[in-house]
Asker: 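The structure's right below; bear with me while I get my questions together.
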Amino acid sequence: MHDPATINAAQPTTVNVDLGDRSYPIFIDHGLIDADLVTPFIPASRAVIVSNTTVAPLYAERLAQSLEAAGKRVELLALPDGEQYKTLETLGTIYDFLMEKQVDRKTTLIALGGGVIGDITGFAAASFLRGIPFIQIPTTLLAQVDSSVGGKTGVNHPRGKNMIGAFYQPRCVVADTGSLETLPDRELSAGLAEVIKYGLLWDEDFLAWIESHVADLRRRDPATLTEAIRQSCLIKAEIVRQDEREGGIRALLNLGHTFGHAIEAGMGYGVWLHGEAVGAGMCMAAELSRRLGLIDPDAVKRVETLVESAGLPTRAPGELSVERLRSLMDSDKKVEHGRLRLVLLGRLGQARLVDHVPEETLLETIAYTTGATP
Ligand code: NAD
Ligand code: GLY
């Protein structure tokens with residue numbers, strides 16, 4: 001595990017995403033926004049920081065100063081804050097700004113913010129002038145461990161989340177754990193859901209490490225956060241290396257997400273945070289795995305205890321009926337040829353895709369994990 005004594009911005013903790021000539025580093029440590037790490041990844045003299053009205057006042061000036069000190073010309077676009085702005089209309093606002101500023105093919109877009117900013121800025125970079133350079137500076141835990149890595153970019157359609165987008169990899173990712181100091185507690189817990197997800201789906205040792213460090217993570221100890229992000233990014237980088245376009249094992253990253261997306265959509269986007277819905281969704285997936293004889297009751301209990309200790313719900317909201325949750329699960333992108341494919345647990349530390357879940361078992365599981373009656 002990471003030795004806290006080695007943390008410094010001159011030699012940050014680094015994870016590499018190995019994708020041939022599109023490979024890139026993820027730098028993880030405390031204080032990296034002020035360290036001039038991104039300029040070597042900006043091919044020409046211009047960069048546009050895309051952020052939002054919450055994050056820009058906190059970090060954009062510091063970032064711009066470090067870039068300008070390295071001789072770059074920097075412009076800032078601060079978008080409105082919120083998932084409801086992850087739309088084609090906001091994408092149009094980005095294009096308008098880039099046109100107005102006469103941005104050329106070598107200008108680099110820098111996403112400074114959470115997953116919403118990373119996803120929409122990445123898609124703007126993928127599509128403007130058929131592709132311009134792009135850097136991710138994620139400022140939520142969720143974005144640092146998940147959305148900034150792996151190249152999924154896009155916006156929502158009124159009828160579905162993340163329905164319009166592209167695979168487009170950044171030139172580098174800079175995860176400054178210092179930026180998490182201003183993150184609301186609820187958002188930190190939401191990010192922990194994705195950290196737990198990696199332990200559950202891929203690495204039981206990491207799962208045990210999270211169990212013993214969850215309190216340090218919640219009090220934002222920088223060295224512990226760095227280690228959690230490093231381990232999470234190592235797992236995501238390996239999965240993306242093997243399956244960049246989600247033809248196979250990348251789907252394992254959706255552990256808890258089919259249940260979670262149904263909760264998010266059923267409650268109305270923004271009522272439950274994505275990570276909160278994934279927390280409950282992982283408990284639902286664990287319970288279903290138990291009912292299918294894949295894991296034992298102690299393993300389910302372990303999942304629930306960890307999710308709860310991260311400050312996350314372990315059950316779907318009671319106000320959603322079983323029928324509603326079940327039908328919303330069919331709207332998930334993971335439905336193939338009309339067949340629901342679920343990510344379940346073969347054991348703790350190893351997820352697997354399961355195609356033929358008996359409908360009755362699924363309905364009983366939803367009923368048991370929401371408190372509602374079928
Ligand atoms: P978010 O981007 O909405 O950020 C959450 C909130 O925290 C926002 O209000 C934001 O302004 C604020 N914030 C961000 N950084 C802050 C900081 N350092 N201090 C204070 N406030 C800060 O939400 P998120 O959870 O980061 O990301 C969710 C989005 O990510 C969703 O749109 C989801 O679809 C997407 N996502 C994408 C992928 C992918 O692979 N591309 C993976 C997971 C999630
Ligand atoms: N967040 C899921 C993925 O990147 O594939």
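Predicted, not measured: the structure shown is a model, and the values here were computed from it. We count ligands from 1, going down the list as the structure has it; atoms in each ligand are counted the same way.
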Asker: Enter the distance from Leu252:CG to Glu246:CD here, rounded to the nearest 0.5 Å.
Answerer: 9.0 Å
Asker: At less than 4.0 angstrom from any non-hydrogen atom of Asp146, what atoms of ligand 1 do you find?
Answerer: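 Counting from 1, the qualifying ligand atoms are 42 (C), 43 (C).
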Asker: Identify, by atom number and element, the atoms of ligand 1 in contact range of Lys86, meaning under 4.0 Å from any of its heavy atoms.
Answerer: 31 (C), 32 (O), 33 (C), 34 (O), 35 (C)
Asker: Report the C-alpha distance between Ile263 and Leu328 in whole Å, list the side-chain angles of each, state the deciding distance to 0.1 Å, and finish with yes or no for side-chain contact (heavy atoms from CB on, under 4.5 Å).
Answerer: CA-CA 8 Å; Ile263 295 170; Leu328 285 165; over 6 Å; no
Asker: With side chains defined as the heavy atoms from C-beta onward, is the minimum distance between Ile110 and Ile42 less than 4.5 Å?
Answerer: yes
Asker: Counting heavy atoms only, name the option from Ala143, Ala193, Gly115 that's nearest to atom 23 (O) of ligand 1.
Answerer: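 Residue with the shortest heavy-atom distance to the ligand atom: Gly115.
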Asker: Under 3.5 Å, N or O to N or O, is Leu142 touching ligand 1 that way?
Answerer: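 Between Leu142 and ligand 1 (N or O atoms, distance only) the closest approach is not under 3.5 Å.
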Asker: Provide, to 0.1 Å, the distance between atom 4 (O) of ligand 1 and the closest protein heavy atom, together with that atom's residue and name.
Answerer: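 Checked against all protein heavy atoms, atom 4 (O) of ligand 1 sits closest to Thr140 CG2, 3.7 Å.
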Asker: Is Ser179 in contact with ligand 1, taking contact as a heavy-atom separation below 4.0 Å?
Answerer: yes
Asker: Which ligand 2 atoms, with their elements, are less than 4.0 angstrom from a heavy-atom of Glu246?
Answerer: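 Heavy-atom distances to Glu246 below 4.0 Å select 5 (O).
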Asker: Can you confirm, on distance only, whether ligand 2 has an N/O atom lying under 3.5 Å from any N/O atom belonging to Lys197?
Answerer: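 No; the residue has no nitrogen or oxygen that sits under 3.5 Å from a nitrogen or oxygen of the ligand.
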Asker: Could you tell me whether Asp146 approaches ligand 2 through its side chain, its backbone, both or neither, with non-hydrogen atoms closer than 4.0 Å?
Answerer: side chain
Asker: If you compare all heavy atoms of Ala44 against all heavy atoms of Lys106, which two are closest, and at what distance to 0.1 Å?
Answerer: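 Taking every non-hydrogen atom into account, CB-CB, 3.6 Å.
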Asker: With a 4.5 Å heavy-atom cut-off, do Thr107 and Lys101 have their side chains touching?
Answerer: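 No, side chains not in contact.
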Asker: For atom 31 (C) of ligand 1, what is the closest protein heavy atom, and at what distance to 0.1 Å?
Answerer: Glu83 OE1, 3.1 Å
Asker: Is there a polar contact between ligand 1 and Asp81, counting only N or O atoms under 3.5 Å apart?
Answerer: yes
Asker: With a 4.5 Å cut-off on side-chain heavy-atom distances among I, L, V, M, F, W and Y, is there a chain of contacts connecting Tyr95 to Phe134?
Answerer: no
Asker: Can you tell me which portion of Leu183 lies within the under-4.0 Å heavy-atom range of ligand 1? Options are side chain, backbone, both, or neither.
Answerer: both
Asker: For Glu187, take its heavy atoms, then give the atoms of ligand 1 lying under 4.0 Å from any of them.
Answerer: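 Checking each atom against Glu187, I get 5 (C), 6 (C).
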Asker: Apply the side-chain contact (heavy atoms from CB on, under 4.5 Å) test between Leu201 and each candidate in Leu207, Ile196, Ile239, Leu348; give the one that qualifies.
Answerer: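 When Leu207, Ile196, Ile239, Leu348 are each tested with Leu201, the side-chain contact (heavy atoms from CB on, under 4.5 Å) holds only for Ile239.
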Asker: Kindly work out whether a path of hydrophobic side-chain contacts (I/L/V/M/F/W/Y, heavy atoms less than 4.5 Å apart) joins Leu63 to Leu32.
Answerer: yes
Asker: Would you say the side chains of Thr90 and Thr93 form a donor-acceptor pair under 3.5 Å?
Answerer: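 No, because no side-chain N or O of Thr90 sits under 3.5 Å from a partner of the opposite role on Thr93.
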Asker: As an exercise, identify every atom of ligand 1 less than 4.0 angstrom from a heavy atom of Asn162.
Answerer: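 That gives atoms 34 (O) of ligand 1.
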Asker: At a 4.0 Å cut-off, with the gap strictly under it, does some heavy atom of Lys236 reach an atom of ligand 1?
Answerer: yes
Asker: Glu194 vs Lys197, test: salt bridge (charged side-chain N to carboxylate O under 4.0 Å, His left out). Steps then yes/no.
Answerer: CA-CA 5 Å; Glu194 304 287 356; Lys197 176 189 80 175; 2.9 Å; yes
Asker: Please report which non-hydrogen protein atom sits nearest to atom 5 (O) of ligand 2, along with the residue it belongs to and the distance in Å to one decimal place.
Answerer: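 The closest one turns out to be Arg250 NE, 2.7 Å.
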Asker: Could you list which atoms of ligand 1 come closer than 4.0 Å to a heavy atom of Lys161?
Answerer: 31 (C), 32 (O), 33 (C), 34 (O)
Asker: Considering only protein heavy atoms, which is closest to atom 38 (C) of ligand 1, and at what distance to one decimal place?
Answerer: Ser147 CB, 3.2 Å
Asker: Please work out which of the three classes, parallel, tilted or perpendicular, describes the rings of His213 and Trp209, given edges at 30° and 60°.
Answerer: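 If you compare the ring of Trp209 with that of His213, the planes turn out parallel.
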Asker: Would you mind listing which atoms of ligand 1 come within a distance below 4.0 Å of any non-hydrogen atom of Asn52?
Answerer: 10 (C), 11 (O)
Asker: So, Tyr198 side chain and Val145 main chain: donor-acceptor pair closer than 3.5 Å or not?
Answerer: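 Yes, because the side chain of Tyr198 sits within donor-acceptor range (under 3.5 Å) of the backbone of Val145.
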Asker: Could you say whether the N/O atoms of Asp119 and ligand 1 ever approach to under 3.5 Å?
Answerer: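 Checking ligand 1 against Asp119, an N or O pair does fall under 3.5 Å apart.
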Asker: So, for atom 12 (C) of ligand 1, does the protein have a heavy atom nearer than 4.0 Å?
Answerer: no
Asker: Indicate yes or no for a side-chain donor-acceptor contact from Arg220 to the backbone of Leu180 under 3.5 Å, with no hydrogens or angles considered.
Answerer: yes
Asker: Determine whether the side chains of Tyr368 and Glu287 contain a donor N or O and an acceptor N or O closer than 3.5 Å.
Answerer: no
Asker: Only one of Asn162, Ile164, Ile94 forms a side-chain contact (heavy atoms from CB on, under 4.5 Å) with Phe123, so which one is it?
Answerer: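 The residue from Asn162, Ile164, Ile94 that satisfies side-chain contact (heavy atoms from CB on, under 4.5 Å) with Phe123 turns out to be Ile164.
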Asker: Counting both backbone and side chain atoms, is some N or O of Val116 under 3.5 Å from an N or O of ligand 1?
Answerer: yes
Asker: Can you find an N/O atom of Thr182 closer than 3.5 Å to an N/O atom of ligand 1?
Answerer: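 Yes; the residue has a nitrogen or oxygen that sits under 3.5 Å from a nitrogen or oxygen of the ligand.
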Asker: Does even one non-hydrogen atom of Lys236 get within less than 4.0 Å of ligand 2?
Answerer: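 Yes, that is the case, since the closest heavy atom of the residue is under 4.0 Å from the ligand.
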Asker: Show the atoms of ligand 1 that are less than 4.0 angstrom away from any heavy atom in Tyr59.
Answerer: 18 (N)
Asker: To which protein heavy atom is atom 15 (N) of ligand 1 closest, and what is the distance rounded to 0.1 Å?
Answerer: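 Result for atom 15 (N) of ligand 1: Thr139 OG1, 2.7 Å.
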